[in-house]
**Student:** 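A single structure is presented below for examination.
Throughout, protein chains are lettered first and strands after them, A, B, ... in sequence-line order, and every chain is numbered starting at 1. Predicted model, so just to flag it, every value in this text is computed and none were measured.
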Amino acid sequence: MIERNIVFIYPLSSTLQELKQALEEDSNFMVYELDAVGEYSQLIGVLEHSMTFSSDLKKTEQYLEMSKSFVKTKESRNILTQDKSMMHHVFSKYQKLGLNEILMEGTPLKNVLHKIDMFFSVFEQMERRKEEAKQKELAEKMMAQASFPSAKKEKEVYNKNEKLRIEKMASLSDGEIGHANNKKGVQFEDNTGNFGQGKAGFQFGSPFDQLQRKNLKTFDPVDAIPKLKKSNFNLPENEDLNQSKRSKFEEVEKENKKRKTLNLNPAEINQKKGKFEEVEREHNNKRAKFEEAHRDLSRRRAIFEEQEKDLSKRKGLDLNAQNEAGKEGRKFEEAQRDLSNKRAKFEEQQKDLNRKKLELDQVEAEYKKKKKFLEEELNLEKQNHLIDELEDLNKKKNKLIEEMDGDLQKQRGLFEEEIIENKKKGHFEEVNSDKKAKKYEENELDLDQAKKNLETEEAKGQKKHSQFDEIQLDQRNQKTSMIDETVDPKKKTTFEEGHLTKKKKSSFEELKNEKEIKQNQNNTVELKRKNKEFDELLIDNLLNEEDVLSLENAGVYKEQVLDYAKFREEKRKGSLSLTEDKLQELEKKAVESLLEIPEPHFYENKSFGLEYLVLLNDFLMREKVEPAHLMKFIHFALVKEYQADFSIYMKRKSTGEEYFLQDFRCFYHGHETSKKIYAVEEWEALEESEGDEWGKVHLPTWRDETYQLEINTFIYPYFEDGELLGFSIAHFKKGSINNHGQAKEVEALLMSLKGVILEEHFFIMEGG
Amino acid sequence: MLLFYKFSISFLEVDKVYSVPIFLFDKERDQRIIALHAGSPCKQENYDTFNSYLEKGAYLQVYHEDKEIFLEEIGKSIEELENENAFFFKMLKLEEKRAQKYERLSKNEFLLREEIDNASRKNDFTQLMKRMKSEVLCFSLRKSTEVSLATELVDKLFVRDTMAIRICILSYFIAKANNIKDEEVLSDIIISSLIKDFGLSLLQTRMLQNFSNLIQEEIYQKYPMLSLLILSKMHFVPNKNIKRLVLEQAEQVDGSGFPRGKRQDQLEFNSFILNLSSQIIYSTHGKYTGKPKQLKQVLEAFAKGITLEGTNINFPVNLLESLNDFLLLE
C-alpha cells in the first residue's frame with residue numbers, strides 16, 4: 001500500500017471543506033493542511049504520491065511556481081476548485097505550471113472521492129505489480145539456489161576436505177613435522193633462538209596454535225583465515241625438505257584430490273559457483289540499493305520531521321507529539337485530529353486577527369483623519385496663540401504708550417500747576433515759561449521718537465504689524481478722547497473758572513497766562529486735527545480692506561492677516577491698480593471656460609416620406625391587392641406632400657409607329673382626376689405636344705434639376721429585363737420641390753409602383 | 001435652455017467694438033472658439049474670416065448672459081435673435097410638448113400580459129399601440145437621426161391598427177422583454193420593422209396574393225435586398241444596424257433562411273426579433289394558411305417551440321422563451 005497524501009491549501013471552499021472532512025474520517029488518507037504557500041514546497045518534497053487541492057487562484061499559482069519540479073511529476077496531482085469555469089487560454093497557462101484539473105464548485109463529493117481513488121489506485125497497482133515481480137524474482141532465486149544443491153555440497157565437501165587436511169597437518173606438527181624440525185634444528189636455531197632448550201622446551205613455530213585447533217569444529221578455515229589456504233603453504237624453494245616427508249604429504253594431497261575428483265566435476269563446480277556468485281552479487285547490489293533508498297527515505301523523513309517541528313514551533317503546536325503518536329497508530333490520529341482542531345482554532349484566530357486588523361486599519365484611518373484634523377486645529381491654535389501673544393505684546397506696548405502719555409500728562413499737569421503756582425505767586429516769568437514750553441515740546445518730540453521707534457519695531461515684526469496698527473488706532477482714539485476730554489467745554493469752563501478766580505488776584509498774570517493757555521490749546525487742537533486726519537486715513541484703509549477681501553474671494557489676492565501698513569504702502573505706490581488687469585485676466589479665463597460647454601444638438605423629426613411607403617406596404621399585404629388603390633395612394637401622397645399630379649402610361653404591344661398615343665396608353669390619369677395643375681384640355685394638348693419625348697426617357701428625369709421652373713416635370717420609366725414597360729409622369733408647381741431630398745422622396749414613391757406596373761404588364765402580355 | 005444664441009453675420013458691423021465676447025462654433029469639429037474678445041473691434045479682415053467659416057457650416061454665437069448687452073449694442077430685438085435660433089426653439093417646444101402629453105401615460109401601470117390577452121381576444125392592438133406610442137414619443141430628440149425618425153414615424157403612423165404597425169409593436173415589446181432598453185437600439189428595431197418589407201412593392205402584386213407559395217419564388221427571396229434598394233433611393237440614409245436588420249429579417253438559425261443563408265453566429269440577435277414578430281403577426285392574420293389565429297395561441301405555440309403551418313421556429317431559445325412574458329399564467 002502506498003501512502004495516500006492529500007494536501008489542502010487554505011483558504012478552502014465549501015466543497016474542499018467537505019472533502020477534507022470526508023478524508024479525515026478515512027484512515028487510508030494522510031491529510032495535510034497548509035496555510036502558507038512556502039510550507040508546500042517543503043512538504044511536497046517528502047511526499048511520494050500526493051494530491052493537492054486549493055481554491056485560491058493566486059495561491060495556486062504561487063505554489064505551482066514555487067514547487068515546479070515536484071508538482072509537474074506524475075506522482076502529484078494539482079486540482080483547483082472554482083465557482084466559474086476558466087477561460088481556455090488562462091487554464092493552459094496554469095496547466096503549464098503544473099495544474100492538472102479545475103473542479104467546479106459544487107461538484108458532488110462522490111465524484112471527487114472517485115477521482116482521488118482513481119489517482120492513487122494506479123500507483124497502488126503499480127506497487128503491487130512491483131511487489132509481485134520482486135517476489136517472483138526472489139522465488140526464482142530460491143528456485144535457482146534449490147536447483148544447484150551440488151554447489152553447496154561442493155563447498156561443504158571442499159571445506160570438509162580442507163578441514164581434514166588442516167587437522168592432518170596439525171597432527172603432523174605434533175609428531176612428524178616436529179621431528180623433522182628437530183632434525184634441522186640448526187636451521188631453525190638461527191631463526192627462533194630457542195634451540196638448545198631441550199625437547200620439552202622445543203616449540204614448533206607453526207601458524208596453528210592451540211586456540212585455533214580448539215575452534216576448528218566451528219571454524220571454516222578457508223574462508224575465515226586466508227593464511228591457511230593451500231596456496232600460502234608454499235615453502236621456500238631453496239628449503240631443503242626431507243623428500244620422504246614431502247612425498248608422504250604429496251600422497252595425502254593426491255588422496256585428497258582423488259577423493260575430490262571422485263565426488264565432483266571441478267569444471268561444473270566452478271561454473272555453478274560462478275553463477276551462484278553472480279546471483280549473490282546481484283542480490284547484494286539490490287540490497288545495497290534498497291538500503292540506500294531506505295537511508296534516503298529515512299533522511300527525507302528526518303528532514304520532514306525537522307520541518308514539521310519547525311512548523312509546530314512556528315504555529316505553537318507540538319508536532320513532536322504527533323510524530324510520536326504517529327508511531328503508535330491511534331494516538332497519532334488523535335493527535336492529528338487535535339492538530340486539525342487546533343489548526344481550525346488557529347484559523348479562526350487568524351480570521352479574528354484579520355478582522356481586527358481591518359478594524360485596526362479603519363481605526364488607524366480614523367486616527368489619521370482625526371490627527372490631521374487635530375493638527376489643523378493645533379495650527380489654528382498656534383496661530384491663535386501667536387495672535388494672543390501679539391495681543392499681549394500690543395497690550396504691553398499700549399501700557400508703555402499709556403505710561404508715556406501719563407508721564408506727558410504728569411509733566412503737562414506739573415507744567416500747568418507751575419503756571420498756576422506762578423500765577424498765584426505772581427512770579428511768572430516769560431523766560432521760564434518759554435523754557436518749560438520748550439521742555440514740553442521736547443517731551444512731545446520724545447514721544448514722537450518713541451512712536452517712531454515703535455514703528456521701526458513694527459517694520460521688523462511683519463505679522464504683528466496689523467495688530468499693532470489696530471492698537472495704535474485704539475491708542476490714538478484713546479488719546480483723542482483724552483484730548484477731547486481736555487478740550488471738553490464743561491471741563492474747559494471749570495478750568496476757566498479756576499482761572500477766573502485767579503484772575504481776580506492779578507490781571508497782569510492773567511494776560512501772561514492767557515497767552516500760554518491759548519498756545520497750549522492751539523497745540524492740542526492741532527494734535528486733534530492731525531489725529532483726525534490719521535483716523536480718516538485709517539478709515540480709508542479699512543474701506544480698501546473690503547476691496548482686498550473681494551479680491552481674496554476672487555482668488556487673486558490671498559493672505560491670512562491683513563497687513564495695513566504694507567497695504568498703505570502698496571496703495572501709496574499705486575501697485576494695487578494692477579488688480580484691474582487681474583480682473584481682466586479673470587474675465588478672460590471665464591470666457592475661455594465657456595468654450596468647453598457642449599453645444600446642444602437637436603435631430604430634426606423628419607420622416608423622409610417613409611410613412612407613405614409603410615402604408616403602401618400595408619395595402620400590399622391585404623388579402624386582395626387592388627392596383628388602382630396603390631396608384632391612388634401614391635397620388636394622394638404626392639398631392640399631400642408636394643401638391644403634384646401624376647399619371648401612368650403603359651406601353652402597348654409594339655405597333656411599330658412612333659406616335660405616342662399609339663405606343664402608350666394612359667393607365668392612371670391623375671392629372672384628369674385632380675385637375676390641379678392642368679385642365680383636361682391643357683393636358684390633352686400637352687400629351688400631343690410632349691408625349692413623344694416622354695416615351696423616350698429611359699432614366700428618372702427632372703426637367704429642371706434646379707427646381708426653378710413654374711411647372712417642373714418628373715418622368716420615372718419602369719423597365720423589366722431591359723424592356724420599357726411604361727412610365728410615370730408627375731408635375732410640380734414651383735416651390736413644392738426645393739431640394740434633392742424631396743426629389744428623391746418623389747422618386748422612391750413612384751418607384752414603389754413597379755409591382756403594379758409589372759402586374760399590368762403581365763396582364764397585357766397575357767392578353768388581358 | 002439655450003446657452004449660446006446663434007446669429008447671422010449681418011448682426012455684426014465692421015470696425016465696431018462689442019463689449020461682449022463673440023464665439024464661432026465649428027459644426028464639423030464640434031468646437032467653439034472665441035471669434036472676438038470683449039472690447040476688441042470687428043475689423044474687415046475678421047469679418048471676411050467669419051464669412052469664410054460660415055460658408056463651411058460654422059456659425060457665430062453670443063453667450064446667453066451677454067445677449068441683452070449685445071442686442072443693445074447691435075440694436076436688435078430678442079425676437080430677431082430667437083428667430084435666428086428658430087430650429088432649436090421649435091425642437092425644444094416639440095420635446096416639451098411630447099413630454100407633457102406622453103410622459104405621464106408612459107409611466108402609467110401597464111400589464112403587458114393582460115393587454116396581450118385583450119388584444120388577442122378582441123383582435124385589437126390599440127392599447128398596445130397607445131402604450132408604445134407614449135413610450136417612444138418620450139425618447140430624446142437629441143440622440144440621433146434614427147431616434148428622431150423613429151419618434152416621427154410612430155407619431156405619424158400609430159393612428160391605425162394595421163399589420164405593419166402590429167409587427168412593429170410586437171417587435172418593440174419582444175425587444176423590451178429581452179432587456180433591450182437603449183433608445184437608439186429600440187429606434188433601430190422600430191424603423192427596421194416598419195421599412196423591412198418595402199421591397200415587396202417591387203414584386204408583381206399578384207405574387208403577394210398567395211403568401212404560402214411566395215417562399216418558392218426566386219425573386220421573393222431577394223426582397224430584403226429590394227427593400228434596401230428602395231431605401232437607397234431615399235434621402236434618408238439608414239445606419240448599418242438598420243441595413244443589417246432589414247437584410248437579415250428572413251434568415252434562420254440553421255442557415256435555411258434567405259437571402260444569404262447565414263447561420264445564427266453570423267446574425268444579429270435583433271434581426272430574429274423582426275423575423276419572429278413578422279411570423280407571429282402573419283400567422284394571426286392567416287397569411288400562411290388562410291385561417292386567422294388568435295395572437296395568444298400563436299404566442300403559446302412559439303413559446304413552446306411548436307411549429308405552426310408556414311412558420312419556422314428556428315430561433316434562439318432565449319428569444320422564444322421570452323415570449324412567456326407575453327402570456328398570462330394559468
**Student:** Kindly indicate whether the side chain of B:F23, heavy atoms from C-beta on, has any atom under 4.5 Å from the side chain of A:L594.
**Tutor:**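 Heavy-atom side-chain distance check passes, below 4.5 Å.
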**Student:** For chain A, find which of B:I165, B:V147, B:L202, B:L229 contributes the most heavy-atom pairs closer than 4.5 angstrom.
**Tutor:**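 The option with the most such pairs is B:L202.
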**Student:** Which atoms of A:I757 come close to chain B, meaning under 4.5 Å heavy atom to heavy atom: side chain ones, backbone ones, both, or neither?
**Tutor:**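 It is neither, since no heavy atom gets under 4.5 Å.
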**Student:** Under 4.5 Å heavy-atom distance to chain A, tell me which part of B:L226 shows up: side chain, backbone, both or neither.
**Tutor:**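 No part of it gets close to chain A.
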**Student:** Hey, which of B:L94, B:L153, B:L141 has the most heavy atom pairs under 4.5 Å with chain A?
**Tutor:**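 Between B:L94, B:L153, B:L141, the count favours B:L141.
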**Student:** Contact part of A:I597 toward chain B, heavy-atom cut-off under 4.5 Å: side chain, backbone, both or neither?
**Tutor:**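 Both parts, heavy atoms under 4.5 Å.
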**Student:** Side chain from CB out, backbone as N, CA, C, O: work out which of these in B:L203 comes under 4.5 Å of a heavy atom of chain A, or both, or neither.
**Tutor:**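 The backbone, not the side chain.
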**Student:** Contact part of B:F236 toward chain A, heavy-atom cut-off under 4.5 Å: side chain, backbone, both or neither?
**Tutor:**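 Interface part for B:F236: both.
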**Student:** To the nearest 0.5 Å, how far apart are CD1 in B:I230 and CG in A:L616?
**Tutor:**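 B:I230 CD1 to A:L616 CG: 8.5 Å, rounded to 0.5 Å.
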**Student:** Can you classify the ring geometry of A:H698 versus A:F719 as parallel (below 30°), tilted (30 to 60°) or perpendicular (above 60°)?
**Tutor:**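 If you compare the ring of A:H698 with that of A:F719, the planes turn out perpendicular.
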**Student:** Is the shortest side-chain heavy-atom distance between B:L137 and B:F158 below 4.5 Å?
**Tutor:**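 Of all side-chain heavy-atom pairs linking B:F158 with B:L137, none is under 4.5 Å.
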**Student:** Between chain B and chain A, which donor-acceptor pairs sit under 3.5 Å apart?
**Tutor:**
from	atom 1	to	atom 2	distance (Å)
A:L594	O	B:R32	NH1	3.3
A:I597	O	B:R32	NH1	2.6
A:E599	OE1	B:R32	NH2	2.5
A:E599	OE1	B:Q61	NE2	2.9
A:E599	OE2	B:Y59	OH	3.0
A:E599	OE2	B:Q61	NE2	2.7
A:Y603	N	B:L141	O	2.9
A:Y603	O	B:S148	OG	2.8
A:N605	ND2	B:E152	OE1	3.0
A:S607	OG	B:K156	NZ	2.9
A:E611	OE2	B:K156	NZ	3.4
A:N617	ND2	B:D197	O	3.1
A:D618	OD1	B:M163	N	3.3
A:D618	OD1	B:A164	N	3.3
A:M621	O	B:K287	NZ	2.7
A:G755	N	B:S201	O	2.9
A:E759	OE1	B:Q204	NE2	3.4
A:E759	OE1	B:T205	OG1	3.3
A:E759	OE1	B:R206	N	2.8
A:E759	OE2	B:R206	NE	2.8
A:E759	OE2	B:R206	NH2	3.1

**Student:** Any non-hydrogen side-chain atom of A:I634 less than 4.5 Å from a side-chain atom of A:F646?
**Tutor:**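 Result yes, sub-4.5 Å side-chain heavy-atom pair found.
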**Student:** Quick one: are B:I34 and B:I22 in side-chain contact, heavy atoms under 4.5 Å?
**Tutor:**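 Counting from C-beta outward, B:I34 and B:I22 never come under 4.5 Å.
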**Student:** At a 4.5 Å cut-off on heavy atoms, which part of B:L200 comes close to chain A: side chain, backbone, both, or neither?
**Tutor:**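 Both parts, backbone and side chain.
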**Student:** Sort B:F25 into side chain, backbone, both or neither according to what part of it lies under 4.5 angstrom from a heavy atom of chain A.
**Tutor:**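 Only the side chain of B:F25 comes within 4.5 Å of chain A.
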**Student:** Measure up the A:Y649 and A:H669 rings against each other and bin them: parallel (under 30°), tilted (30 to 60°), perpendicular (over 60°).
**Tutor:**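 Plane angle between 30° and 60°, so tilted.
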**Student:** Does any part of the side chain of B:L36, heavy atoms only, come nearer than 4.5 Å to the side chain of B:V20, both counted from C-beta?
**Tutor:**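 A side-chain contact is absent here, since even the closest heavy-atom pair is not under 4.5 Å.
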**Student:** How many angstroms lie between CD1 in A:I711 and NZ in A:K733, if you round to the nearest 0.5 Å?
**Tutor:**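 The NZ atom of A:K733 is 7.5 Å from CD1 of A:I711, to the nearest 0.5 Å.
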**Student:** Answer yes or no: is there a donor N or O on one side and an acceptor on the other, between the side chain of A:D704 and the main chain of A:N712, under 3.5 Å?
**Tutor:**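 No; judged by distance alone, with no hydrogens or angles, the pair does not exist.
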**Student:** So do A:F714 and A:L750 actually touch side chain to side chain, heavy atoms under 4.5 Å?
**Tutor:**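 Heavy-atom side-chain distance check passes, below 4.5 Å.
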**Student:** Pick from B:L92, B:L3, B:L231, B:L2: which one has the most heavy-atom pairs with chain A under 4.5 Å?
**Tutor:**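 Of B:L92, B:L3, B:L231, B:L2, B:L92 has the most heavy-atom pairs under 4.5 Å with chain A.
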